[in-house]
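Here is the structure we will look at.
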Amino acid sequence: MEDFRDIKLSRREFVVAGAASVTAAAVPAGAAAAATTAPAPRSPAALKPVAAKVSFIVNGEARALELDTRTTLLDALREHLHLTGTKKGCDHGQCGACTVIVDGRRINSCLTLAVMHEGAKITTVEGLGTPSRMHPMQVAFVKHDGYQCGYCTPGQICSAVAVLDEIRAGIPSHVSADLNARPLLSADELRERMSGNICRCGAYSNIVEAITEVAGGQS
């Protein structure tokens with residue numbers, strides 16, 4: 001029998017052997033056996049998307065869809081109802097290009113699922129006005145050059161219409177001086193309320209002028 005004192009290991013061999021023994025001790029025998037077992041394949045039924053029916057009122061018209069439950073409201077409007085005025089910008093709720101009005105409140109349609117809005121009243125830019133009969137906000141945007149490339153414009157206009165409704169309803173913003181009084185229609189108020197709608201062309205001052213004109217006409 002060979003005496004263990006006659007076994008000579010280099011420093012590298014000693015470190016490698018020690019690491020291997022520690023790893024073997026740390027992994028239970030059952031876990032090691034399970035790791036070598038391939039997971040059972042999932043059935044086709046388990047991989048099939050779950051669909052659900054949803055109906056809502058879009059621009060005054062009743063619409064019914066059957067959608068994958070993961071479908072966002074934005075994709076339902078664009079891909080299923082072909083209302084492509086609402087734009088997909090960042091798809092993360094950071095640019096405002098997808099803004100629509102749901103039950104009187106503006107929302108980022110990319111951040112909400114279509115099936116969450118059963119029975120809701122939804123207004124997109126197509127429902128605000130048409131080329132032959134434009135909404136006053138659309139007219140003001142044209143007059144004041146409130147757009148350049150135009151990509152963000154549908155969301156800007158939907159948001160602007162809702163902003164004036166918020167001010168009329170007395171809903172304060174972060175810059176409102178008195179939270180208990182009706183907010184004043186000021187450039188600071190409009191810029192704060194519209195801050196969620198990004199215009200990469202930088203037409204912000206023109207947008208404020210357009211909203212101010214419409215607000216004056218409605219007062």
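As the structure is a prediction and not an experimental result, all values here were calculated from the model.
- Looking only at atom types and distance, the side chain of Asn59 has a donor-acceptor partner in the side chain of Thr124 under 3.5 Å away.
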Exercise for the section: Give the intermediate values and the outcome of side-chain contact (heavy atoms from CB on, under 4.5 Å) for residues Arg63 and Ser55. Expected result: CA-CA 6 Å; Arg63 307 300 296 265; Ser55 59; over 6 Å; no
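- With rounding to the nearest 0.5 Å, the separation of CD in Gln156 from CG in Asn206 is 11.0 Å.
- Of the possible polar contacts, one joining the His92 side chain to the Cys90 backbone as a donor-acceptor pair under 3.5 Å is found.
- Counting heavy atoms from C-beta outward, Leu113 and Thr69 have side chains that stay 4.5 Å or more apart.
- Counting heavy atoms from C-beta on, the side chains of Val139 and Met137 never come closer than 4.5 Å.
- With hydrogens and angles ignored, the 3.5 Å screen pairs a side-chain donor or acceptor of Gln138 with a backbone N or O of His135.
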Practice task
Would you sort out whether Asp188 and Arg191 count as a salt bridge (Lys or Arg N to Asp or Glu O under 4.0 Å), showing the intermediate values?
Solution key: CA-CA 5 Å; Asp188 287 342; Arg191 289 180 181 277; 5.7 Å; no
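- Follow the hydrophobic side-chain contacts under 4.5 Å out from Leu81 and you never reach Ile57; the two are in separate clusters.
- Met194 and Ser159 get closest at one heavy-atom pair: SD-OG, 3.8 Å.
- Atoms CD1 and CG, on Ile122 and Asp103 in that order, are 8.0 Å from each other to the nearest 0.5 Å.
- Heavy-atom minimum distance, Arg70 versus Asp68: NH2-OD2, 2.6 Å.
- For the pair Arg193/Ser176, a side-chain contact is recorded, criterion being any heavy-atom separation below 4.5 Å from C-beta on.
- Put simply, Ile211 and Leu128 are part of the same group of oily side chains (I, L, V, M, F, W, Y) that touch within less than 4.5 Å, one to the next.
- Cluster membership for Leu77 and Val54, using ILVMFWY side-chain heavy atoms within less than 4.5 angstrom, is shared.
- When each of Leu83, Leu73, Asn108 is checked for a side chain to side chain contact (heavy atoms under 4.5 Å, CB included) with Val100, only Leu73 meets the rule.
- The residues Asp75 and Arg78 are annotated as not salt-bridged, no charged nitrogen and carboxylate oxygen being separated by less than 4.0 angstrom.
- For residues 139-160, the salt bridge (charged side-chain N to carboxylate O under 4.0 Å, His left out) pairs, not counting sequence neighbours, are Lys143-Glu213.
- Ion pairing between Arg106 and Glu166 holds under the 4.0 Å rule for side-chain N and carboxylate O.
- Phe56 has its side chain out of reach of Val102: every pair of non-hydrogen atoms, C-beta onward, lies at least 4.5 Å apart.
- A continuous path of ILVMFWY side-chain contacts below 4.5 Å connects Leu164 to Val208, so both sit in one hydrophobic cluster.
- Within the 4.5 Å cutoff, no side-chain heavy atoms of Asp178 are placed close to those of Leu184.
- Across Thr212, Val175, Ile207, a single residue satisfies side chain to side chain contact (heavy atoms under 4.5 Å, CB included) together with Leu190, and that is Thr212.
- Under the 3.5 Å distance criterion, the side-chain polar atoms of Ser195 are matched with a main-chain donor or acceptor of Glu192.
- No side-chain heavy atom of Tyr204 sits less than 4.5 Å from a side-chain heavy atom of Asn197.
- Under the 4.5 Å side-chain heavy-atom criterion for Ile, Leu, Val, Met, Phe, Trp and Tyr, Val125 and Phe141 are members of distinct hydrophobic clusters.
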Handout entry: Steps toward side-chain contact (heavy atoms from CB on, under 4.5 Å) verdict (Ser109, Thr86)
Key = CA-CA 9 Å; Ser109 58; Thr86 305; 3.9 Å; yes
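- By the 4.5 Å heavy-atom criterion applied to side chains, Lys53 and Glu118 are not counted as neighbours.
- In this structure, Val214 and Pro136 approach most closely via the heavy-atom pair CG2-O, 3.7 Å.
- Counting heavy atoms from C-beta outward, Val58 and Glu61 have side chains that stay 4.5 Å or more apart.
- Distance OG1/Thr71 to CG/Leu65: 9.0 Å, rounded to 0.5 Å.
- Counting heavy atoms of neighbouring residues, nucleotides and ligands inside a 6.0 Å radius, atom CG of Leu111 exceeds 12 of them.
- Nearest approach of Gly85 to Glu126, heavy atoms of both residues: N-OE2, 2.7 Å.
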Practice task
Starting from the C-alpha separation in whole Å, work towards a yes-or-no answer on side-chain contact (heavy atoms from CB on, under 4.5 Å) for Ile107 and Thr99.
Solution key: CA-CA 5 Å; Ile107 67 170; Thr99 303; over 6 Å; no
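- Between Cys98 and the options Pro154, Cys152, Cys110, Cys158, a side chain to side chain contact (heavy atoms under 4.5 Å, CB included) holds for only Cys110.
- Taking all atoms of both residues into account, the shortest heavy-atom contact from Leu179 to Ser173 is CD2-O, 4.2 Å.
- Side-chain N or O atoms of Tyr151 include one that pairs as donor or acceptor with a backbone N or O of Lys88 at under 3.5 Å.
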